[in-house]
Amino acid sequence: MKSYQLIPFLPLAAFVINILLGKRIIKDKAHWIAVPAVLASWVISVFTLFDVIGGKVFNEDLYTWIISDGFIVSVGFLVDQLTAVMLIVVTTVSSLVHIYSVGYMHGDKGYYRFFSYLSLFTFSMLMLVMANNFLQLYFGWEAVGLCSYFLIGFWYEKKSASDAGKKAFIVNRFGDFGFGLGVIMIFLTFGTIHYEPVFNAVNGIVGQSINILGYDISLVTLIALLLFCGAVGKSAQIPLHVWLPDAMEGPTPVSALIHAATMVTAGVFMVARCNPIFNLSHVAMNVVAVTGAVTALFAATIALVQNDIKRIIAYSTISQLGYMFLACGVGAYAAGIFHLYTHAFFKALLFLGAGSVMHAMAGELDIQKMGGLKKYMPWTYWTFLLASLSIAGIPGFAGFFSKDEILWQAYASGPLGKIVWFLGAVTALLTAFYSFRIVFVAFHGKFRGTHEQEHHLHESPKVMTLPLAILAIGAIISGWVGIPPLIGEFLGIEHSDKFGAFLAPVVGHPHAEGTHGEEIFVMLLSILFAVGGIITAFFMYIKRPEIPVQLGESMKTAYRVLWNKYYVDELYHLIIVRPTFWVAQSVIVGVTDGKIIEGIVNGVPRAIGGFSEILRRVQTGFAHHYAAVMALGLLIIMIFLIL
């Protein structure tokens, strides 16, 4: 077995050991199995990255998985530039979250179970990104969804947690149904589901159409949109975004690992991996771009008024994923993956920083009940501040380079690109505002919690602050591998966009149709919006804290709409949940179960009982009754014989 093949199987081994032996033997030492396994995967991933940088690409089958007539599928790995980036993202964040969880989950009665699930999730995500065929991709896709269900509902005794786990699982079924149909369409069209032959043959179906309900639909567009259905669900885009904010009911390390850095980015990875298919359909590309841009702005507006620190960051995640899809939709796949890469560091840092605050505040989530935490938690404060500067897009931080690249590529991609660029630019302003709203409300000013909470305020242990410090470094320097050529020329750096050049063989590198002057304009406007958002937040929450209250009073309707997340959950409850319950109660329970099934189950014994009751009356015990019956019987027989 080659070294890179060990990357997913080490976490799998940790899962098997912990889940089998954890309850009785390993118990609170489960991290001694899980952490070394994921760290070993990270080390091998780093060496694999250097191999890929050196020009090696691995595409090998381990063994044949399924043989059924012409349907042949192998378990195999494709490790190219795109996979190498995803391996670094997944194993780095997973390693730090594993270490952080040692302190965060200390004393939890499900300690071994938590680390078992983390290891299984890491294995599933690695199988997803390393797959060389669509069925293995689908296996990893569903496996991370299952692990997400386990981890969101980890504290299953808590009703809100178990409900959130079910909601995530059910909502994703809608998207995954379309994704599954897309995989089936690929096999029916190409006769295989392995990436290489499909991507090599996809140009041959351009112009072909399929008739559905009397309408001719482009075959390549249909396949691309079906695949994108899965991305919409997994990456929480409109209209399937509703599960992600509720997923914050799980332990905070889960939020950092699954719902910020890795699982939710699977949709972006899948679209980038399938770029040969998407590139052939302008309709599909436009759908991806518009969905991403609208979702980015939509989620950012909701984050403006929320008070739950984890929910604000969750809506921020939805918004940032929208940026990534925006980039993919305009053909700038490298820019989208670049933002995926930088986002993993600063978003994981934001979630783990929030977890550190909760650890000190005995689980408190409401930022309005915090304040002044900077004095008590300096490590958490400074790392959280660095993450906020990065997501806001301040020059020099990782988020600036990746977000600026997306906005420029969108602006330079054509008329639709300028529309989605505008939505992205407004989102950048809102992102800076709500990110620093958390910083100013939670960490500055006077403490607004209870006396008991203030008495117990303390910095988190080193096992939690060390991952924060490492992620903070990543939130600063991870973007410097993708310095735009314009800035590279200014700094005197040749071939500055090394990240884009590295990914170019896999996802291409579109030429921006714009001048240097336009690029400078877009960049300066992006910086202006970022700084403006921070200054506005400072003015409203530090200088004039009464202004937000006044705005809420004067704009009650708008505030209520944003506070209730545009009433999307209520709408779904009205048009999906209630009709489903009605059908379940009236049709399934009332008719199918109550009438048909119960009718058969209870009706047959009742009929037998009724017949037995009639038959029982014949047995009177009187001899003359029996003689009369026998005479009647003889008479009937004689009549029958005569006739």
How many angstroms lie between CG in Leu350 and OG1 in Thr317, if you round to the nearest 0.5 Å?
-> 8.0 Å

Do Phe114 and Pro253 have side chains that get closer than 4.5 Å, going by heavy atoms?
-> yes

Check against ring pair (Phe, Tyr, Trp, His ring centres under 6.0 Å), Phe115 and Tyr111 = CA-CA 7 Å; Phe115 277 96; Tyr111 191 80; 5.0 Å; yes

Would a distance-only check, ignoring hydrogens and angles, find a side-chain to backbone donor-acceptor pair under 3.5 Å from Glu459 to Thr380?
-> yes

Measuring from Tyr149:OH to Ser162:OG, what's the distance to the nearest 0.5 Å?
-> 8.0 Å

Do side-chain atoms of Thr295 reach the backbone of Ile238 as a donor and acceptor pair under 3.5 angstrom?
-> yes

Please confirm whether Phe401 and Phe499 have ring centers closer than 6.0 angstrom.
-> no

Taking everything shown except Phe71 itself, do over 12 heavy atoms lie less than 6.0 Å from its CZ?
-> yes

Counting only heavy atoms not in Glu196, do more than 12 fall under 6.0 Å of its CD?
-> no

Hey, is the main chain of Leu468 close enough, under 3.5 Å, to the side chain of Thr383 for a donor-acceptor pair?
-> no

With Arg113 as the cation and Tyr117 as the aromatic partner, state whether NZ or CZ is under 6.0 Å from the six-membered ring centre and within 45° of the axis.
-> no

With side chains defined as the heavy atoms from C-beta onward, is the minimum distance between Met263 and Ser124 less than 4.5 Å?
-> no

Give, for atom NZ of Lys403 and atom CZ of Phe397, the distance between the pair rounded to the nearest 0.5 Å.
-> 13.0 Å

Quick check: are there more than 12 heavy atoms from other residues, nucleotides or ligands sitting under 6.0 Å from CH2 of Trp382?
-> no

Could you tell me whether Glu142 and Arg173 make a salt bridge, using a distance below 4.0 angstrom between a side-chain N and a carboxylate O?
-> yes

Does the side chain of Leu227 reach to within under 4.5 Å of the side chain of Met185, using non-hydrogen atoms?
-> no

In Å, rounded to the nearest 0.5 Å, how long is the span from CZ of Phe169 to CZ of Phe150?
-> 8.5 Å

Could you verify whether a donor N or O on one side chain and an acceptor N or O on the other, from Thr83 and Asp80, lie under 3.5 Å apart?
-> yes

Should Ile391 and Ser316 count as side-chain neighbours, where that means a heavy-atom distance under 4.5 Å?
-> yes

Should Ile337 and Phe502 count as side-chain neighbours, where that means a heavy-atom distance under 4.5 Å?
-> no

For atom CH2 of Trp42, decide whether the heavy atoms of other residues, nucleotides or ligands shown that lie under 6.0 angstrom number more than 12.
-> no

Please confirm whether Phe228 and Phe325 have ring centers closer than 6.0 angstrom.
-> yes

For residues Phe121 and Ser94, determine if any side-chain heavy atom of one lies less than 4.5 Å from a side-chain heavy atom of the other.
-> no

Measure the shortest side-chain to side-chain distance between Phe154 and Asp108 over non-hydrogen atoms and say whether it is less than 4.5 angstrom.
-> yes

Is a side-chain N or O of Tyr138 found less than 3.5 angstrom from the main chain of Val183, in a donor-acceptor match?
-> no

Sidechain-backbone polar pair: Ser235 side chain, Gly267 backbone, donor-acceptor under 3.5 Å | yes

Rounded to the nearest 0.5 Å, the CD1 atom of Ile33 sits from the CG atom of Asn18 at a distance of 6.0 Å

Starting at CD1 of Ile476, measure out to CG of Leu471 and round the result to the nearest 0.5 Å.
-> 11.5 Å

Test of ring centre spacing under 6.0 Å for His241 and Tyr315 | no

Step through the shown structure and confirm whether more than 12 heavy atoms of other residues, nucleotides or ligands are within 6.0 Å of CH2 on Trp155.
-> yes

Taking 4.0 angstrom as the limit, do Lys167 and Asp569 come out as a salt bridge?
-> yes

Just by modelled atom types, is the Thr262 backbone N or O under 3.5 Å from a matching donor or acceptor in the Thr265 side chain?
-> yes

Under 30°, 30 to 60°, or over 60°: which ring-plane class applies to Phe346 and His343, parallel, tilted or perpendicular?
-> perpendicular

Would you please indicate if the ring centroids of Phe15 and Phe123 are separated by under 6.0 Å?
-> no

So, do Gln136 and Met127 sit near enough that their side-chain heavy atoms are less than 4.5 Å apart?
-> yes

